[in-house]
Amino acid sequence: MARTAKTAVTAVALAAGCWAPIPAAADPTPQTVGNALLATTGGCRAPAREAVQACTAQEVVTSAAPVVLDVLDPARVPVVVLGAGLYPDGSIRPVLDARLRAAKTIADRYPTAPLIVSGGVPRSGVTEGAAMTRWLTSHGVPPDRISTEQTSTSTASNAACVAPMLAAMNAYAAVVVTTADHLPRALVEFRLATGGARPIFGAAAL
């Protein structure tokens, strides 16, 4: 890892209010380091929507795992997967399958990171959250690693419902996983819902 990257990643940890040694296996990119600095020290933690939107617009959408998972204890950095509309029979559409696969990739790399799935809007009695939990457990994620939120009906309500869960978990930060075109809007809503109390990072399902 280059000296400049190490310096930037250290700044991310300090700005998040925590510190952990940078592991040798960490592989930050210019995009993930830049995103992390914006998420922790830029206007992305401001109280005003306009400031958060302006900060978020500067980030690069990437599928790479955020560096926060390398510099902070992953057990205190939940990975939040956002739901998407189910088929009428309650099964998962390709767009949601892609989000879950992206989250599973991160979950496999950081096996202590908890997962939160968020989404209501039931189809045939199955909520998005329930369908997502079922998908993750069927792909080897232990049920006790997953928290299920299944009342939200929009991106803003995803954020509003998950924010108190993050507070209850005493999370250092959170990583929001959704599709690339949805990620900037989702980051804005989560950053506003958490009021800057903890930095919110993103990873895209491409």
Side-chain angles (χ1 to χ4, degrees), residues 32 35 56 59-66 68-69 74-169 171 173-194 198 200-206:
T32 57
N35 288 350
T56 303
E59 292 185 291
V60 177
V61 173
T62 175
S63 61
V68 66
L69 289 162
R76 301 278 295 277
V77 184
V79 177
V80 183
V81 195
L82 302 190
L86 304 173
Y87 283 120
D89 66 356
S91 59
I92 286 176
R93 295 179 186 269
V95 65
L96 185 50
D97 182 82
R99 295 178 187 185
L100 289 162
R101 290 187 185 280
K104 176 68 162 49
T105 298
I106 295 173
D108 288 345
R109 180 173 174 179
Y110 303 96
T112 62
L115 290 98
I116 298 174
V117 295
S118 176
V121 193
R123 295 287 183 265
S124 297
V126 180
T127 64
E128 296 163 27
M132 296 160 75
T133 298
R134 183 173 59 197
W135 188 100
L136 288 168
T137 55
S138 72
H139 285 75
V141 178
D144 61 1
R145 194 178 168 190
I146 306 166
S147 297
T148 306
E149 185 287 306
Q150 50 186 337
T151 62
S152 56
T153 58
S154 66
T155 306
S157 62
N158 287 145
C161 291
V162 170
M165 297 172 69
L166 297 175
M169 297 167 75
V175 176
V176 174
V177 178
T178 186
T179 34
D181 60 346
H182 183 225
L183 186 57
R185 177 160 59 94
L187 288 174
V188 169
E189 296 300 340
F190 270 78
R191 286 165 174 166
L192 290 170
T194 54
R198 53 190 50 82
I200 304 296
F201 301 81
L206 302 179

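Quick note: numbers below take in every heavy atom, side chains included, and nothing from hydrogens, waters or symmetry partners.
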Selection residues 81-115 - residue pairs positive for ring-ring contact (aromatic ring centres under 6.0 Å, His included), sequence neighbours left out: none

dist I200:CD1 -> T194:OG1 (nearest 0.5 Å) comes out at 4.0 Å

Looking at every heavy atom in both G90 and R134, which two are closest together, and how far apart are they? O-NH2, 3.7 Å

Judged by atom type as modelled, is there a donor-acceptor pair below 3.5 Å linking the side chain of N35 to the main-chain atoms of V60? yes

Given side-chain contact (heavy atoms from CB on, under 4.5 Å), test R109 with T105 step by step and report yes or no. CA-CA 6 Å; R109 180 173 174 179; T105 298; over 6 Å; no

May I have all residue pairs that pass ring-ring contact (aromatic ring centres under 6.0 Å, His included) and include part of residues 113-162, sequence neighbours excluded? W135-H139

Decide yes or no for L115 and I106: does some side-chain heavy atom of the first lie under 4.5 Å from some side-chain heavy atom of the second? no

side-chain hydrogen bond (donor to acceptor under 3.5 Å, both in side chains) filter on E149, not counting sequence neighbours, yields S118, T151, S152

Looking only at atom types and distance, does a side-chain atom of R76 sit under 3.5 Å from a main-chain N or O of A173, one as donor and one as acceptor? no

Just jot down the salt bridge (Lys or Arg N to Asp or Glu O under 4.0 Å) partners of R101, sequence neighbours excluded, or say none. D97

What is the distance from atom CZ of F190 to atom CZ of R185, rounded to the nearest 0.5 Å? 11.5 Å

I'd like to check the side-chain hydrogen bond (donor to acceptor under 3.5 Å, both in side chains) partners of S63; sequence neighbours left out, ordered by chain and number. none

If I compare all heavy atoms of A113 with all of V79, which pair ends up nearest, and what's the gap? CB-CG2, 4.3 Å

Decide yes or no on side-chain contact (heavy atoms from CB on, under 4.5 Å) for L86 and V121, but give the supporting numbers first. CA-CA 8 Å; L86 304 173; V121 193; over 6 Å; no

Those residues at least two apart in sequence (or on a different chain) that pass side-chain contact (heavy atoms from CB on, under 4.5 Å) with T127 are P122, A130, Q150

How long is the span from the CZ atom in R198 to the CE atom in M169, to the nearest 0.5 Å? 10.0 Å

Return the minimal non-hydrogen interatomic distance between S147 and M165, and the atom names on each side. CB-CE, 3.8 Å

So, taking the atom named CG in L183 and the one named CZ in R99, what distance separates them when rounded to the nearest 0.5 Å? 9.5 Å

Atom of P66, atom of V175 and distance for their closest heavy-atom approach: CG-CG1, 3.8 Å

Provide the closest heavy-atom pair for A84 versus V95 in the form atom of the first, atom of the second, distance. CB-CG1, 3.8 Å

What distance separates L82 CG from H182 NE2, expressed to the nearest 0.5 Å? 6.0 Å

Nearest atoms (heavy-atom pairs only) where A186 meets V176: CB-CG1, 4.2 Å

If I take atom CD1 from residue I116 and atom CG from residue N158, how far apart are they, to the nearest 0.5 angstrom? 11.5 Å

